[in-house]
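Excluded from the calculations below are hydrogen atoms, water molecules and symmetry mates; all remaining heavy atoms, backbone and side chain alike, are included.
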Amino acid sequence: MRSFGYFEEGKTGRISDLRLWKRIFGLCRAWRAGIFWSSLFSLLAASAAVIQPQLLQRGIDLFITASGADAARLDGLFHIALLYGGTAAAAFAAGFGQVVMMEYVGQSVMHRLRSDLYRHLLSLDLAFFHAHPAGRLVTRLTNDIQSMNDMFSLVMVTLFNDLLRLAGVLVALYLTNVRLALLMTIFLPISLIITVFFSRIARDGFRAIRSQLAVVNAFLQEVLSLVGVIQIYGQEADSMAKFRELNGVYLERNLRLIRLFGAFMPLSEFLSSLAIAVILWYGGGETLQRHLTLGELTAFLTYMRLFFQPMQEIARKYSVVQSALASAERIFELLDISGSIIEPTVPIDGSRIRGEIRFAGVSFTYQQEDDGNGHLPEEGKSVLRDIDLHIQSGETIAITGPTGAGKSTLVSLLVRFYDPSAGRILLDGHDLREFAPQTLRRKIGLVLQDPLIEPDTVLANIRQDTGLTRSEVYQILVRTSLDAFVAKLPQGLDTRIGEGGLDLSAGEKQLIAFARVLCRNPAVLILDEATSSVDSEAEQLLEQALRSGFAGRTLLIIAHRLSTVRRANRIAVFAQGRLAELGSHEELLARQGLYAELAAADLRHGRPV
């Protein structure tokens, strides 16, 4: 099996900031109109903010410190106050519109990204999920998406507005007083150098935090799915110790980042305060020497506050941006992964599949899970070795053997959840790789030991996406004698099951799953331990349905119980990933080999053979 090139952390192919921003903004293209209106509102809000210090300057220089009649000066101040209030109202209205529009864009983008990521995960093959724990993938859909959502909600909403205000204020500073503006500009490169320095450290810190959170989630998912086993074997203390260790690492990584921003934030505020102090000293001297009016100094100090305020806001939200970029990096890496199951360019038409199957020198090795530090082992576990097996069209063949012999893996290869590591699987003489995976999964029916039953009506669970009418479904049930089972349900086909509806037994679930498969009219049917946990009545119904609804088609029965497999034309016995024996029930018993040993073990445990 090939490596997917997807690692939890440490060895990640790190994406540059520019590429990340290009992809993030690329997601926003579908909402260009919303971005346009948000930008327009931002421009209006920034313009109103830049105008206000000019109004203060005019009010001080023309009416407060100027000489003249008090009535005229008060009248002038009144008009300045009206203009100032008008700009404040305009800034409020524009800010409201900008926030609403940008929030709409952000929420829409996150909704699309979450859907795209979920759709992409569903498209990946089982080899990927075998190598990567579900808990870590859930982190992508939850925590990482939420981190990006926080960036849109808390940062993108105000970032453009802050940048516009910075640009407008910088221009206004130079127009107000060039010497003071040049003096203030000295502090800009210092701020930029500090920001870049902290950005590199912060991104690594957020990567480490997201990585450890994924490890914690994966551990919790595994533990909660096996909590009964942990309690039975008294492993609570060991499990708690492991969780305490993982949680402790997560805490330390968060505290390390808190200490980093604990230094960064006060340093940014200190620089802005230092700049204002220098301007106050120098500008105050200029004012005392009549080189600068009091209004100009007041306007300049106000502009500086307006200049450093968005810089401080950006600094405060810097942690959100870095966290979001770390999450975006991980999300895009996952979206860029392609599965190992490659669809053919021109797939074979599967409408006339007869059901002849041949395994030719098939071997298979599972890719191992990563070790939690982002490393995938080079060698996986070999499950099947050099399997040669020919199944005729219309034949019923049983596959049995000890646990771990590779029986279910054989089924997974046949429906192309995986591709063989070596050898070929032929269906009607064509390599399975020549068929589209969805075609195979429609023409090869699979009934599992624990079938998926959705919280819906019996009819919906049987029909699913086949498009059959209610009467067509009922005709299939009548033809396979499953109508008697449906007739016993409280509302027949309209009986609701699961989540407040009827709870079905294992046998009843199997009957529904079998009826569901028959609606697809498959050429090959696989029963993977489908009768291992059903009662005798349900098993008889299944056998009757097989005889009446599946006669003449290829049938594979995967089972441990020899009473189930003995009815097959031939029995394939697997052991340690190899085909050990092949023949009828009587032939295999006469050989006194592995099958005879399994039969003797069944008899000792009181199970009929």
Side-chain angles (χ1 to χ4, degrees), residues 37-102 157-158 160-185 187-188 269 272-314:
W37 284 107
S38 177
S39 302
L40 181 61
F41 286 135
S42 292
L43 182 61
L44 292 174
S47 300
V50 171
I51 290 172
Q52 288 176 341
Q54 292 292 326
L55 294 175
L56 284 177
Q57 177 187 343
R58 293 176 66 84
I60 293 172
D61 289 343
L62 297 180
F63 303 110
I64 295 178
T65 60
S67 59
D70 290 347
R73 292 162 63 193
L74 284 173
D75 186 59
L77 280 176
F78 176 73
H79 287 93
I80 291 290
L82 283 178
L83 287 173
Y84 196 96
T87 57
F92 167 78
F96 174 80
Q98 192 256 347
V99 168
V100 171
M101 292 307 302
M102 200 62 206
V157 168
T158 57
F160 189 67
N161 194 10
D162 289 339
L163 291 176
L164 278 176
R165 187 183 301 180
L166 278 173
V169 168
L170 192 61
V171 171
L173 284 170
Y174 275 92
L175 291 176
T176 302
N177 190 292
V178 175
R179 287 173 298 171
L180 289 180
L182 287 172
L183 183 63
M184 188 215 66
T185 308
F187 292 90
L188 288 181
E269 294 183 5
S272 66
S273 298
L274 184 61
I276 291 176
V278 170
I279 295 301
L280 182 61
W281 167 74
Y282 182 81
E286 292 286 289
T287 303
L288 292 176
Q289 295 176 25
R290 307 296 182 182
H291 297 154
L292 191 72
T293 68
L294 180 61
E296 286 176 330
L297 178 61
T298 303
F300 199 93
L301 289 173
T302 305
Y303 276 130
M304 286 194 65
R305 181 182 62 80
L306 289 177
F307 183 81
F308 282 104
Q309 183 181 23
M311 287 192 68
Q312 290 173 358
E313 284 299 314
I314 292 173

Participant: Leu182 and Tyr174: side-chain contact (heavy atoms from CB on, under 4.5 Å), yes or no, with the steps?
Facilitator: CA-CA 8 Å; Leu182 287 172; Tyr174 275 92; 3.7 Å; yes

Participant: Where do Pro53 and Ala299 come nearest, in terms of heavy atoms and distance?
Facilitator: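 Where Pro53 meets Ala299 most closely, the heavy atoms are O-CB, 3.5 Å.
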
Participant: Report the distance from atom CG of Leu83 to atom NE2 of His79, rounding to the nearest 0.5 Å.
Facilitator: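 Here the interatomic distance stands at 8.5 Å.
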
Participant: Ser47 versus Leu43: any side-chain heavy-atom pair under 4.5 Å?
Facilitator: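 Sidechains of Leu43 and Ser47: in contact.
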
Participant: What closest approach, in Å, do Ala94 and Ala45 show between heavy atoms, and which atom pair accounts for it?
Facilitator: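 The answer is CB-N, 3.7 Å.
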
Participant: Distance alone, cut at 3.5 Å: any donor-acceptor contact between the side chains of Gln54 and Tyr303?
Facilitator: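 There is such a pair (donor and acceptor under 3.5 Å, judged by atom type) between the side chains of Gln54 and Tyr303.
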
Participant: Check whether more than 12 heavy atoms from other residues, nucleotides or ligands sit under 6.0 Å from atom CZ of Phe96, and answer yes or no.
Facilitator: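 Count not over threshold, so no.
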
Participant: How far does CZ of Arg73 sit from CG of Leu62, to the nearest 0.5 angstrom?
Facilitator: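 Taking CZ in Arg73 and CG in Leu62, the distance rounds to 11.0 Å.
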
Participant: Please round to the nearest 0.5 Å and tell me the distance separating atom CZ of Phe300 and atom CZ of Arg179.
Facilitator: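 Rounded to the nearest 0.5 Å, the CZ-CZ separation comes to 10.5 Å.
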
Participant: Which residue in the set Ile80, Thr302, Ile64 passes side-chain contact (heavy atoms from CB on, under 4.5 Å) when paired with Leu56?
Facilitator: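 The passing option is Thr302.
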
Participant: Determine the sole option in Thr293, Asp61, Ile60 for which the side-chain contact (heavy atoms from CB on, under 4.5 Å) test with Thr298 is passed.
Facilitator: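 Among the candidates, only Ile60 passes.
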
Participant: Closest heavy-atom contact between Gly168 and Val50?
Facilitator: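 Shortest heavy-atom separation between Gly168 and Val50 comes out as C-CG2, 3.8 Å.
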
Participant: Drop me the distance from Leu280's CG to Ser273's OG, to the nearest 0.5 angstrom.
Facilitator: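 Leu280 atom CG to Ser273 atom OG measures 12.0 Å (nearest 0.5 Å).
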
Participant: If you take all heavy atoms of Met101 and Ser38, which pair is closest and at what distance?
Facilitator: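 Heavy atoms of Met101 and Ser38 come nearest at CB-CB, 4.0 Å.
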
Participant: Name all residues meeting the side-chain hydrogen bond (donor to acceptor under 3.5 Å, both in side chains) criterion together with Gln52; count only those two or more places apart in sequence or in a different chain, and write none if there are none.
Facilitator: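 Here the qualifying residues are Thr87.
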
Participant: To the nearest 0.5 Å, tell me how far Leu82 CG sits from Leu77 CG.
Facilitator: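 Rounded to the nearest 0.5 Å, the CG-CG separation comes to 11.0 Å.
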
